[in-house]
Amino acid sequence: MNDQRINGKYILAGMVAVIFTWIVHEFTHWVTSELFGYETIMQLNSTSPIKGENPTESRMAIISISAPIVTILQALVVFIILKTRNWNKYLYPFLFTAFYMRLLAGLMNFINVNDEGRVSQYLGIGTFTLSITASGLLFYMVYKISKKHSLNWKFQLGTYVIVIVISSILILSDMFFEIRII
């Protein structure tokens with residue numbers, strides 16, 4: 001039987017997973033934008049060029065897709081480790097967070113087009129095409145690991161609550177305090 005207890009150490013692992021995933025995601029947008037020569041601001045849940053910096057549409061698409069690719073790669077690495085090795089519950093939040101983040105971003109396309117939605121529009125394939133594809137792939141990874149390690153609903157629910165609470169705090173902190181990282 002694999003350990004599925006939600007304790008303080010697991011909650012801390014979940015917090016680290018959410019913060020790490022969000023920061024790496026936004027940092028990837030920032031690095032990509034900076035590599036194109038645009039002076040860019042990075043906050044907890046967003047990056048944006050400094051006023052007067054106007055990336056071309058094609059460069060904006062590359063900047064937009066760079067971070068979801070890194071987030072999916074993070075999930076893929078964790079998926080492979082959890083698929084090929086013994087259960088490690090402290091890695092699972094890094095997979096689950098990637099899924100939750102891209103699903104939430106896809107749903108946010110209804111309000112404000114971002115990342116995969118922006119690139120889908122640029123490619124002319126419909127706003128939700130890449131969001132559905134990314135979320136579907138990440139869901140598949142979560143599902144396969146859940147089946148392989150017989151993860152119960154209490155563990156899944158606990159993980160979901162940790163991820164949603166920490167990500168909500170992060171997102172709301174960014175909205176209200178506009179915490180500038182870079």
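Across all non-hydrogen atoms, the minimal contact from Ala75 to Leu138 is CB-CD2, 3.3 Å. Contact detail for Ser173 and Leu44: the closest heavy-atom pair is CB-CD1, 4.1 Å. Shown here for Glu53 and Gly37, the closest heavy-atom pair between the two residues is OE1-O, 4.1 Å.
Between Met42 and Arg180 there is no side-chain heavy-atom pair separated by less than 4.5 Å. In this structure, the side chains of Arg102 and Thr71 come closer than 4.5 Å at one or more pairs of heavy atoms. Side-chain contact between Glu34 and Thr40 is present, with at least one heavy-atom pair separated by less than 4.5 Å. Put simply, the side chain of Lys144 does not reach to within 4.5 Å of the side chain of Met141, judged on heavy atoms. Glu26 places none of its side-chain heavy atoms less than 4.5 Å from the side chain of Ile181. Contact check for Asp115 versus His29: side-chain heavy atoms found under the 4.5 Å cut-off.
The only option from Leu103, Leu104, Leu107, Leu130 that meets the side-chain contact (heavy atoms from CB on, under 4.5 Å) definition with Ser135 turns out to be Leu103. For the side-chain contact (heavy atoms from CB on, under 4.5 Å) criterion with Thr28, the lone passing option out of Pro68, Ser66, Ser33 is Ser66.
In the model, Asn109 has a side-chain atom that pairs as donor or acceptor with a side-chain atom of Ser131 under 3.5 Å.
In this structure, CG in Asp174 is found 4.5 Å from OG in Ser46, a value given to the nearest 0.5 Å. Summarising the geometry, atom OG1 belonging to Thr32 is positioned 12.0 Å from atom CZ belonging to Arg59; distances are rounded to the nearest 0.5 Å. Here OG1 of Thr97 is found 13.0 Å from NE2 of His25. Values are rounded to the nearest 0.5 Å. Interatomic distance, Ile164 CD1 to Leu157 CG, rounded to the nearest 0.5 Å: 10.5 Å. Between the NE2 atom in His149 and the NZ atom in Lys83 there is a gap of 8.0 Å [rounded to 0.5 Å]. If you take CE on Met101 and CD1 on Ile72, they are separated by 11.0 Å, rounding to the nearest 0.5 Å.
Grouped with Ile50 in one hydrophobic cluster are Ile41, the linkage being side-chain heavy-atom contacts under 4.5 Å among Ile, Leu, Val, Met, Phe, Trp and Tyr residues. By the 4.5 Å side-chain criterion applied to Ile, Leu, Val, Met, Phe, Trp and Tyr, Ile62 is assigned to a cluster that also includes Phe36, Tyr38, Ile63.
Note on ring orientation: taking the six-membered ring where Trp is involved, the planes of Tyr100 and Tyr160 are perpendicular (angle over 60°, cut-offs 30° and 60°).
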**OP:** Step by step, work out the side chain to side chain contact (heavy atoms under 4.5 Å, CB included) result for Phe79 and Val142.
**Re:** CA-CA 8 Å; Phe79 172 77; Val142 167; over 6 Å; no
Subject >> Derivation of the side chain to side chain contact (heavy atoms under 4.5 Å, CB included) call for Ile81 and Leu91 >> reply: CA-CA 9 Å; Ile81 292 169; Leu91 285 178; 3.5 Å; yes
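With hydrogens and angles disregarded, no donor-acceptor distance shorter than 3.5 Å links the side chain of Trp87 to the backbone of Leu82. Without hydrogens or angle criteria, Gln4 side chain to Ser150 main chain gives a donor-acceptor distance under 3.5 Å.
A ring-ring contact (aromatic ring centres under 6.0 Å, His included) check over residues 105-140, counting only residues at least two apart or in different chains, returns the pairs Phe99-Phe139, Phe110-Phe128.
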Check residues 6-18 and write down every donor-acceptor pair under 3.5 Å in which the side-chain atom is one partner and the other belongs to a residue at least two apart or another chain.
from	atom 1	to	atom 2	distance (Å)
Asn7	OD1	Lys9	N	3.3
Asn7	OD1	Tyr10	N	2.9
Tyr10	OH	Thr159	OG1	2.7

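Grouping the Ile, Leu, Val, Met, Phe, Trp and Tyr side chains by contacts below 4.5 angstrom, directly or via other members, places Val70 apart from Met60. Taken together through direct or relayed side-chain contacts under 4.5 Å among Ile, Leu, Val, Met, Phe, Trp and Tyr, Val113 and Met108 form parts of separate hydrophobic clusters.
With sequence neighbours excluded, the residues forming a side-chain contact (heavy atoms from CB on, under 4.5 Å) with Gln156 are Tyr92, Phe96, Ser146, Leu151, listed by chain and number. Judged as a side-chain hydrogen bond (donor to acceptor under 3.5 Å, both in side chains), and not counting sequence neighbours, the contacts of Arg5 are Asp3.
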